Amino acid sequence: MADTTVTMDKIVSLAKRRGFVFQSSEIYGGLSGAWDYGPQGVELKNRIARFWWKEMTQLHDNIVGIDAAILMHPRVWEASGHVENFTDPLVDCKKCKARFRADQIPPENLAARKCPECGGELTETRKFNLMFKTTLGPVEDESGLVYLRPETAQGIYVNFKNVQQSNRMKIPFGIAQIGKAFRNEIVTKNFIFRTCEFEQMEMQFFVKPGTDEEWFEYWRDQRWNYYRKLGIDMNKLRWHRHGPDELAHYAKDAYDIEFEFPMGFKELEGVHNRSNYDLSRHQQYSGKDLQYIDQDNGNERYIPFIIETSAGLTRQLLMLLCDAYEEQKIADKGNEDDWRTVLHFHPEVAPVTVAVLPLMKKDGLAELAQDVRAELKEDFATDYDQAGAIGRRYRRQDEIGTPFCVTIDYQSKEDGTVTVRDRDTMMQERVPRSQLSSYIRAKIKNYKRPERIS
Ligand code: GAP
């Protein structure tokens with residue numbers, strides 16, 4: 001009986017083999033904490049981003065987007081508390097030179113200052129700021145100091161007034177942003193789970209003080225349902241509420257949505273009630289009035305509270321790979337064709353939506369298949385494959401999670417129909433070519449995640 005457990009090793013191997021994720025600068029031995037997204041990976045990442053963007057902006061009337069610069073005025077990070085508080089406790093082993101986060105080694109080792117790997121002596125714990133520094137301008141001194149942003153949120157806060165006034169937004173309203181963030185993480189194991197360069201999808205929702213708890217519950221609900229829509233196995237998700245010792249300096253209340261990765265339940269996304277900390281601090285540090293004036297209520301003035309939903313885009317990609325991955329036994333012939341590896345992506349996020357495969361290269365089938373593909377590619381991300389046995393070609397598409405394979409056979413030449421193979425059920429249906437696009441569109445709209453076979 002084969003072991004079909006989903007392990008990180010299997011995910012890493014498939015990700016490389018099928019062009020999802022490669023190690024950064026691999027030919028030079030790699031760079032820890034950085035990864036490159038291949039042809040399938042970038043499609044998947046872009047589609048997750050689009051799915052999230054639609055969910056947050058298109059489906060919520062009162063949310064608009066921005067795209068702020070990665071480099072910001074250094075005072076932003078003083079106001080936000082990052083210069084002072086965005087630190088990890090760090091210890092080094094004097095003997096083997098291994099480096100650890102002090103809060104992630106056994107407490108008895110920390111108390112005895114003993115390295116958990118070689119038993120050598122550990123240094124005193126010191127605070128290590130996770131922000132990457134660089135300099136703006138030609139002179140490398142403190143006067144040009146800037147940081148690579150460690151979160152996208154601050155770009156939203158400093159644009160609160162710009163967005164509110166330019167778009168005449170009324171509270172409650174939200175601002176969404178997707179972009180790169182950088183953190184000099186001490187521990188970057190588990191593939192792309194925790195990296196030094198990553199992408200976030202954050203939404204900051206500005207509300208009247210006193211209504212914040214209600215909106216907090218609303219957004220917890222919304223974010224939970226998002227994962228249902230994305231077709232995630234909801235049994236692998238759970239909530240974790242931050243205890244008093246976990247709460248960030250700005251937070252009134254905070255929950256994480258955790259996903260059961262192969263290494264256990266880990267944070268996927270945070271939903272935070274940030275109180276009026278952020279705008280109060282930026283008002284104080286910038287000297288600019290960041291109060292909201294409620295013209296519908298006698299020009300009442302107040303600093304809004306913020307409910308934040310903060311998701312990692314690249315972490316969500318890892319979640320999707322882990323959640324979608326399945327090794328299925330589909331035959332009993334005693335050879336390697338008995339098994340398939342399949343990624344059950346929701347069709348909205350699958351890197352390729354439709355693959356077009358001629359049964360044979362000859363007798364005009366390849367030309368006909370190319371013609372069908374040309375028609376489909378206006379509407380869908382398509383692939384074309386004529387190399388090898390049809391069964392092998394289906395397996396290749398299963399491995400990148402292509403939900404539909406359209407096969408062109410001899411009957412297609414006769415009566416203008418094609419077969420559409422469903423990735424999850426492997427069932428084939430004959431469809432007139434003229435109805436192919438609408439057939440696929442309907443299938444995507446009504447997609448339901450299948451029950452796991454194994
Ligand atoms: N603005 C709030 C904020 O940044 P966070 O909990 O530090 O909160 C939010 O980060 C999300 O960003 C996390 O839930 C995770 O998905 C993602 N994330 C954070 N650090 C990451 C890293 N080093 N690598 C990959 N994703 C990361």
Side-chain angles (χ1 to χ4, degrees), residues 21 24 31-35 37 41 45 48-49 52 68 70 72 76-77 79-82 85-88 101 104 128-132 147-158 174-205 219-220 223-224 226-227 230 232 237-242 246-259 261 263 265-275 277-279 281-282 306-322:
V21 184
S24 164
L31 181 72
S32 81
W35 298 85
Y37 291 80
K45 186 151 69 70
I48 301 168
W52 182 89
I70 287 171
M72 302 178 75
V76 167
W77 306 109
S80 69
H82 281 80
N85 297 314
F86 199 53
T87 56
D88 275 344
R101 265 177 62 170
Q104 287 182 354
F128 169 73
N129 195 297
L130 270 67
M131 283 196 293
F132 282 104
Y147 300 96
L148 300 187
R149 68 179 176 200
E151 61 171 17
T152 57
Q154 301 300 325
I156 295 180
Y157 305 145
V158 299
I175 305 177
Q177 179 169 216
I178 299 176
K180 291 250 180 186
F182 301 83
R183 297 182 188 179
N184 202 352
E185 300 280 3
I186 301 165
V187 182
T188 56
K189 53 183 185 191
N190 289 322
F191 195 29
I192 55 171
F193 178 79
R194 177 171 285 110
T195 51
C196 293
E197 177 177 343
F198 57 99
E199 280 174 71
Q200 287 188 314
M201 305 187 287
E202 296 198 301
M203 193 284 299
Q204 313 294 326
F205 200 72
W219 279 110
R220 286 216 305 131
R223 293 311 299 152
W224 186 260
Y226 163 88
Y227 291 103
L230 197 52
I232 302 306
L237 292 177
R238 73 177 188 194
W239 284 106
H240 165 72
R241 189 179 195 173
H242 287 207
E246 287 171 282
L247 274 182
H249 57 278
Y250 51 75
K252 177 174 160 187
D253 201 354
Y255 279 83
D256 293 336
I257 298 177
E258 295 185 334
F259 176 76
F261 289 95
M263 66 280 189
F265 274 100
K266 299 274 176 206
E267 176 184 342
L268 187 63
E269 155 161 8
V271 183
H272 311 131
N273 181 343
R274 301 182 63 119
S275 72
Y277 176 86
D278 305 287
L279 291 183
R281 291 277 287 194
H282 285 303
I306 292 171
I307 308 301
E308 167 181 71
T309 72
S310 177
L313 169 53
T314 40
R315 195 171 288 183
Q316 226 172 82
L317 188 146
L318 178 62
M319 171 200 68
L320 276 167
L321 283 174
C322 297

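Values in this document were obtained by computation on a predicted structure and should not be read as measured data. Index from 1, following the sequence. As the structure lists them, so they are numbered: ligands from 1, and atoms in each ligand from 1.
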> For ligand 1, which atoms, with element, lie under 4.0 Å from some heavy atom of E308?
Replying inline: 1 (N), 2 (C)

> Which atoms of ligand 1 are found less than 4.0 Å from any heavy atom of F193?
Replying inline: 24 (N), 25 (C), 26 (N)

>> Suppose we screen for side chain to side chain donor-acceptor pair (under 3.5 Å). Which residues come up paired with Y227, at least two apart in sequence or across chains?
In response: E269, Q316

Are a donor atom and an acceptor atom from the side chains of [X] and [Y] found within less than 3.5 Å of each other?
| X | Y | value |
| --- | --- | --- |
| Y255 | R223 | no |
| Q177 | E202 | no |
| E246 | H240 | yes |

So for ligand 1, is [X] a polar contact partner (N or O within less than 3.5 Å, distance only)?
| X | value |
| --- | --- |
| P150 | no |
| L268 | yes |
| E185 | yes |

>> What I'd like to find out is whether the side chain of T314 reaches to under 4.5 Å of the side chain of L318, using heavy atoms alone.
In response: no

What protein heavy atom lies closest to [atom]? Include the residue and the distance to one decimal.
| atom | value |
| --- | --- |
| atom 6 (O) of ligand 1 | E267 OE2, 3.1 Å |
| atom 24 (N) of ligand 1 | T195 N, 3.0 Å |
| atom 12 (O) of ligand 1 | Q200 NE2, 3.3 Å |
| atom 8 (O) of ligand 1 | S310 OG, 3.7 Å |
| atom 17 (C) of ligand 1 | G312 CA, 3.7 Å |

>> Among H249, H282, H272, exactly one meets ring pair (Phe, Tyr, Trp, His ring centres under 6.0 Å) together with Y277. Which residue is that?
In response: H249

> Could K266 and D256 be called an ion pair, given the rule that one side-chain N must be under 4.0 Å from one carboxylate O?
Replying inline: no

> Which bit of R274 gets closer than 4.0 Å to ligand 1, counting heavy atoms only: side chain, backbone, both or neither?
Replying inline: side chain

> Among R183, E269, E202, which residue places a heavy atom closest to atom 5 (P) of ligand 1?
Replying inline: R183

> If hydrogens are left out, which of Y250, F198, F86, F182 has an atom nearest to atom 27 (C) of ligand 1, that is, the closest non-hydrogen atom?
Replying inline: F198

With a 3.5 Å cut-off and sequence neighbours excluded, list the donor-acceptor pairs that the side chains of residues 193-201 form with protein atoms.
unit_1, atom_1, unit_2, atom_2, d
T195, OG1, E197, O, 3.0
E197, OE2, K180, NZ, 2.7
E199, OE2, K45, NZ, 2.7
Q200, OE1, T152, N, 3.0

>> Please verify the inter-ring angle class for F259 with F261; under 30° counts as parallel, over 60° as perpendicular, anything in between as tilted.
In response: perpendicular

